Amino acid sequence: MWVVMNGSSAVHWFRKGLRLHDNPALLDAVKNPATRYVLPVFCLDPVFLQPELVGVNRIQFLLECLQDLDRQLRQRRSRLFVLRGDPLEQFPAFFRRYKTTLLTYEFDTEPYAKHRDERVRQLCTDLGIDVRTRATHTLYDPELVRCKLGERPTPLTYKSFYSFVTGTLGRPPASMPAPTTADDDIHTPDIELDAYKVPTLAELRAYDGLSVTTSFRGGETEALAIMERFLTERQADVRAFSKPQTSPTAWPKASTTQLSPYFKFGCLSPRLFIERVQELHPLEEPPVSLIGQIWWREFFTYVAYVTPNFHQMRGNRICRQISWREDRDDPLYRAWEEARTGYPWIDACMTQLRKEGWLHHLARHAVACFLTRGDLWVSWERGRETFDRLLVDADYSLNSANWLWLSCSAFFHQYYRVYSPIGFPQKYDPNGDFVRHFLPVLREMPAKYIYTPWEAPLAVQRKAHCIIGEDYPSPIVDHATASRENMERMRKAVSESGPQRPPKRKRDDTGASTSSPIP
DNA sequence: AAGTATGTTGGTCTC
DNA sequence: TGAGACCAACATACT
């Protein structure tokens, strides 16, 4: 096929921000007067196509997002062009072929993305291509927040961040509409090369044959529908929403919005979301409200953006340095990851994570506390890696921040508050329906022993067709003993490391000595 | 400078 | 059965 291009093109590069609504960078490409064509592009970077790093459920979700984008673009007489390979290798030929003079994309705060984007920007400079970016993954442009903060230290509490940002920047910018479906809005050349089609999972070599187990379906269309359903059909839940009071054992009808995977990929704009919530419920207030959840995302994304090595302990200036068990082959870590700790609550959560690629916030707390400071003393980085692979909503900033939090490495410090793998779920689900659902082997265990099956008399185990140590594992540690010992370890680590204050930035101290009084 | 209130979401015991 | 006291006691922000 030979396509004649009479005129130059603007390329909009989708990475996150997989949506048409509230996508100003896309509008920049569409409305650019100097270019005749718009080419919406997504690059399947092999760096992300490794099953041992990114699980099959998230890749399938991504492909569905791309299919939805393609469908929606076709309704506007355009289409999505999927390039396969490293963007740095794919772009030069693509840009040349389609006479590209403008590249637009959404700004990304993650370290890999920052490095990649710098190199792409350099490539564009070399080729004489203009680059325009917009920061729309969060409510505010993180770079703007950094400028406003100036020499002040990074706010390390939610409240200080929230009051600084709202006090300095006021309300976030309003969301923008999607490009219209009018015939003349997006001009995309009529190119139907198979090479640019959205691939199926089987067409991605590394994922061929792996089975998708999540019930999440990707895409902007799905995201908008779920949001509208939640806000209109569950108004009482919206009003009463308080994260700590939602139930971690509610499944399949979860007590929260289930929108996290869509926010991760940018299928849904956080600005649009808070606008819709405020239209329907004007009195919503952070921090535990529905809108508060968006602010936590804002806060953690910002701190991750300005903190080098945020995803690890070493070289991370806000992370407490602790001698965790770090071995990836550690049997305790493997048992946790593979849902065979012998604690039904923990194993049920890990099974839900492996199957659905999603866990309620408090369930994440429970398994994170168990792996790290609570019971197993395994490095939070191992847990972060597992979540990163298995969660459909895995996000560099939020995932790292929450692991820092739960392991008392940063943000949260009250290490003597330990989640019990027995008492905690009992509060929400005394009968253990959640455990029975995800661990069918325990289905017939009486409620009295559902969280402590090893305490059931042998006769009870026999009757329940579940012998502990044979059909279901014995506990790998004793919670009472392990948590007591670990709390003592934490106490030592805290007293040895002292306050976790980031080194004070150099202040302009001219005149400090002259103005200071006599000592 | 020291003192105090607060921190998105704990556990256990008592009444 | 649910609310409140107490446990054991850190970091941060603000006064």
Side-chain angles (χ1 to χ4, degrees), chain A residues 149 152-164 167 240-250 254-257 260 284-300 303 317-322 343 345-346 349 359-370 372-375 398 401-431 447 451-452 478-504 516-517 519:
Chain A
L149 266 168
R152 273 166 287 206
T154 306
L156 289 178
T157 64
Y158 173 90
K159 209 179 152 190
S160 60
F161 176 83
Y162 178 73
S163 36
F164 175 79
F241 190 97
S242 168
K243 198 60 170 278
Q245 282 163 39
T246 58
S247 170
T249 56
S255 56
T256 49
T257 64
S260 56
E284 284 288 306
E285 283 296 329
V288 293
S289 75
L290 208 42
I291 284 182
Q293 305 311 306
I294 298 298
W295 276 97
W296 279 100
R297 175 179 184 269
E298 193 80 7
F299 169 50
F300 285 147
V303 180
R317 65 175 179 238
I318 68 166
C319 179
R320 191 187 298 287
Q321 304 295 304
I322 294 172
Y343 284 90
W345 162 239
I346 300 299
C349 288
L359 278 178
H360 183 277
H361 188 68
L362 293 180
R364 298 182 198 205
H365 277 214
V367 298
C369 183
F370 188 89
T372 57
R373 65 189 172 85
D375 294 81
L398 308 193
N402 279 300
W403 278 99
L404 284 161
W405 183 293
L406 260 299
S407 64
C408 285
S409 297
F411 304 113
F412 178 77
H413 313 279
Q414 289 166 278
Y415 57 81
Y416 39 87
R417 294 191 170 180
V418 173
Y419 287 85
S420 162
I422 299 153
F424 184 72
Q426 225 143 25
K427 272 192 307 204
Y428 296 93
D429 186 6
N431 190 45
Y451 297 114
T452 53
D478 174 60
H479 172 69
T481 316
S483 61
R484 209 179 322 113
E485 286 170 2
N486 290 341
M487 212 180 281
E488 181 58 20
R489 285 198 181 111
M490 281 303 285
R491 200 190 59 73
K492 277 211 182 93
V494 165
S495 65
E496 279 162 19
S497 65
Q500 291 294 299
R501 212 181 296 273
K504 279 221 167 77
S516 68

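What you see is a predicted model; the values in this text were computed from it and never measured. Because only heavy atoms are used, hydrogens play no part in the values below, and waters and symmetry mates are left out as well, while side chains stay in. Chain letters run A, B, ... following the sequence lines, proteins first, then strands; residues in each count from 1.
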How long is the line joining [atom1] of [X] and [atom2] of [N], in whole Å?
X	N	atom1	atom2	answer
A:K159	C:dT12	NZ	P	16 Å
A:L404	B:dT8	CG	P	15 Å
A:H479	B:dG10	NE2	C1'	10 Å
A:Q414	C:dA11	CD	P	10 Å
A:I318	C:dA11	CD1	P	14 Å
A:L398	B:dT8	CG	P	16 Å
A:F411	B:dT9	CZ	C1'	17 Å
A:M490	C:dA8	CE	P	18 Å

Identify which nucleotide among [options] has an atom closest to any side-chain atom of [X], counting heavy atoms from C-beta outward.
X	options	result
A:Y416	B:dT9, C:dA8, B:dT8	C:dA8
A:W296	B:dT8, C:dA11, B:dT9	B:dT8
A:H413	C:dA11, B:dT9, C:dA9	C:dA11
A:V494	B:dT9, B:dT8, C:dA11	C:dA11
A:S160	B:dT9, C:dC10, C:dA13	C:dA13

(message) Would you call the rings of A:F424 and A:W345 parallel, tilted or perpendicular, taking 30° and 60° as the class edges?
(response) tilted

(request) Could you check whether the rings of A:F300 and A:W296 sit parallel, tilted or perpendicular, using 30° and 60° as the cut-offs? (result) tilted

(message) When you compare the side chains of A:H360 and A:T246, does any donor N or O come within less than 3.5 Å of an acceptor on the partner?
(response) yes

(message) Can a side-chain donor-acceptor contact be found between A:H479 and A:Y343 if the only test is distance below 3.5 angstrom?
(response)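 No donor-acceptor contact under 3.5 Å links the two side chains.
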
(request) With rounding to the nearest 0.5 Å, note down the distance linking CH2 in A:W405 to CZ in A:F412. (result)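 So the CH2 of A:W405 and the CZ of A:F412 are separated by 7.0 Å.
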
(request) Calculate, to the nearest 0.5 Å, the distance between atoms CD and CD1 belonging to A:E298 and A:I291 respectively. (result) 12.5 Å

(message) So, under a plain 3.5 Å distance rule, would you say the side chain of A:H361 forms a donor-acceptor pair with the base of B:dT9?
(response) yes

Under 3.5 Å between N/O atoms: give me all the protein pairs with nucleotides 11-15 of chain B, atom names plus distance.
unit_1: B:dG11; atom_1: OP1; unit_2: A:S420; atom_2: N; d: 2.5
unit_1: B:dG11; atom_1: OP2; unit_2: A:K427; atom_2: NZ; d: 3.4

(request) Please measure how far the P atom in C:dA8 lies from the corresponding atom in B:dG7, and state the result in whole Å. (result) 23 Å

(message) Rounding to an integer number of angstrom, what distance separates B:dT8 and C:dA5 when you compare their C1' atoms?
(response) 23 Å

(request) Please test A:F164 against A:R152 for side chain to side chain contact (heavy atoms under 4.5 Å, CB included), starting from the C-alpha separation and ending with a verdict. (result) CA-CA 11 Å; A:F164 175 79; A:R152 273 166 287 206; 3.8 Å; yes

(request) Report yes if at least one side-chain N or O of A:R320 is closer than 4.0 Å to OP1 or OP2 of C:dC10; otherwise report no. (result) no

(request) Return yes if some donor-acceptor pair links the side-chain N/O of A:N402 with the main-chain N/O of A:L398 below 3.5 Å, else return no. (result)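 Such a contact is found between A:N402 side chain and A:L398 backbone.
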
(request) Determine the stems involving DNA chain B; a stem requires 3 or more consecutive pairs of the Watson-Crick or G-U wobble kind, each with both distances below 3.5 Å, and the answer is none if no such run exists. (result) B:2-7 with C:10-15, B:10-15 with C:2-7

(request) Kindly indicate, with the supporting measurements, whether the criterion side chain to side chain contact (heavy atoms under 4.5 Å, CB included) is fulfilled by A:F161 and A:W295. (result) CA-CA 9 Å; A:F161 176 83; A:W295 276 97; 4.2 Å; yes

(request) Could you list the residues that satisfy side chain to side chain donor-acceptor pair (under 3.5 Å) with A:T372, not counting sequence neighbours? (result) none

